[in-house]
Participant: 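Dropping the structure in here first, questions after.
Along the sequence shown, residues carry numbers from 1. Counting convention: from 1, in listed order, for ligands and their atoms alike.
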Amino acid sequence: MTPATTQIQEIIDEVHTKYKKVDDGTVATYIPELGRANPQDFGICLATVDGQLFTAGDWEREFTIQSMCKPFAFQMALEQHGMQKVRQHVGVEPSGDAFNSIELDPKTTRPFNAMINAGAIAIASLIKQTPTEAGIAAFLATMSRAAGRTLTIDEAVLESETLTGNRNRAIAYLMRNFGIIDEGVNESLHQYFAQCSMLVNCRDLAMMAATLANMGRSPVSGESVFDFQLIKYVLTLMFTCGLYDYAGGWAYEVGVPAKSGVSGGIFAVVNRQLGIAVYSPKLDAQGNSVRGILACRDLASHLGLHSFEFTNTGSNFMQWLCGD
Ligand code: GLN
């Protein structure tokens, strides 16, 4: 351990201890299977672009990725179809509304962006394959390469969401009505539900975030997973829309591209430096992890990670870490 790595570990431990006591929020139950999460779980992982890991608490606990699949699916759609075609199906404006709102941009009849359910279902319709299981397998394979280990689907969560996902069905049929998605509505929904049901832990998510930070190259294998020229679009959407109707507050206070999910995870990307993942299942009114937001806010502040920070180590975190 160098002085810098010791200091980072101390900061992570401190943040974990500080917020372990916080008990606010409620575990999501609208997907019944998510209600089985242990409300006490609290894990943190920070992964650097050169593959160093810093962890605290329940960082190995698995949970479903939920909406945190959306940036990765968006990246895959951009790679497969190009910016122009994707833009014909999904906008890039913050909606200012909840993640599951049944609305389309009235000016365009497209979903506002790919970070809310409507946009993510439209993206799922673009990356699904025939048979549907092939598209799901392709998603799992890409995510596994980013995480550096084989990821799988939680079949119980997939079944639970399939049985109760009528709101998402309503959104999908609204989009079908406007010709935003094709006639394979059930297939698009199945692709989306399966993506959301993929199991990860904090290490996986931090590593996937670090892969985005590392110009698309896995910090573990060195393999190129994502087209680096398209990552800037994904990070921009995460920055402006990643936390739904808290996106502005997050950008203001934490200041890095991030994405949350109703399982209680949040991951953040510090471009060219590192990925952070926090898991704690109790959510606030916007559906974001209460302890996840607090922990990220403190980490960004203590490590100087805010994108527009100029007094601290944010833009040169790796130089600091490597002692240059
Ligand atoms: N699968 C969830 C849904 O569609 C994802 C929502 C979320 O994580 N915000 O409702």
Participant: Salt bridge or not for Arg145 and Glu223, using N-O below 4.0 Å?
Facilitator: yes
Participant: So that I can tick it off, tell me whether Arg149 and Glu62 are bridged by a salt bridge, with the cut-off set at under 4.0 angstrom between side-chain N and carboxylate O.
Facilitator: yes
Participant: Is there a polar contact between ligand 1 and Glu161, counting only N or O atoms under 3.5 Å apart?
Facilitator: yes
Participant: Classify the side-chain pair Arg169/Asn166 by whether it contains a donor and acceptor separated by less than 3.5 Å.
Facilitator: yes
Participant: For ligand 1, which atoms have a heavy atom of Tyr244 less than 4.0 angstrom away?
Facilitator: 7 (C), 9 (N)
Participant: Taking only heavy atoms of Asn168 into account, list the atoms of ligand 1 that are under 4.0 Å away from them.
Facilitator: 3 (C), 4 (O), 10 (O)
Participant: With a 3.5 Å cut-off and no angle check, do the side chains of Gln88 and Gln84 form a donor-acceptor pair?
Facilitator: no
Participant: Using distance alone, with no hydrogens and no angle criterion, decide if His302 and Glu10 have a side-chain donor and acceptor under 3.5 Å apart.
Facilitator: no
Participant: When you check the gap from the basic side-chain N to the acidic O, do Lys128 and Glu187 get nearer than 4.0 Å?
Facilitator: no
Participant: With distance as the sole criterion, is a donor-acceptor pair present between the side chains of Asn117 and Asn168 under 3.5 Å?
Facilitator: yes
Participant: Applying a 4.0 Å heavy-atom criterion (strictly less than), which segment of Val262 is in contact with ligand 1: side chain, backbone, both, or neither?
Facilitator: both
Participant: Using distance alone, with no hydrogens and no angle criterion, decide if Ser95 and Tyr244 have a side-chain donor and acceptor under 3.5 Å apart.
Facilitator: no
Participant: May I ask you to identify the nearest protein heavy atom to atom 6 (C) of ligand 1, giving residue, atom name and distance to one decimal place in Å?
Facilitator: Ser67 OG, 3.1 Å
Participant: In terms of residue, atom name and distance, what is the protein heavy atom nearest to atom 2 (C) of ligand 1?
Facilitator: Gln66 OE1, 3.1 Å
Participant: Nearest heavy atom to atom 10 (O) of ligand 1 wins, so pick from Tyr30, Tyr192, Phe99.
Facilitator: Tyr30
Participant: Got an N/O contact under 3.5 Å between Ser260 and ligand 1?
Facilitator: no
Participant: Using a heavy-atom cut-off of under 4.0 Å, does the side chain or the backbone of Asn100 touch ligand 1, or both, or neither?
Facilitator: neither
Participant: Tell me the contacting part of Cys196 for ligand 1: side chain, backbone, both, or neither, using a 4.0 Å heavy-atom threshold, strictly below.
Facilitator: side chain
Participant: With a cut-off of 4.0 Å, which atoms of ligand 1 are near a heavy atom of Asn117?
Facilitator: 3 (C), 4 (O), 6 (C), 10 (O)
Participant: Run the numbers for me: atoms of ligand 1, each under 4.0 Å from some heavy atom of Gly261, listed by number.
Facilitator: 8 (O)
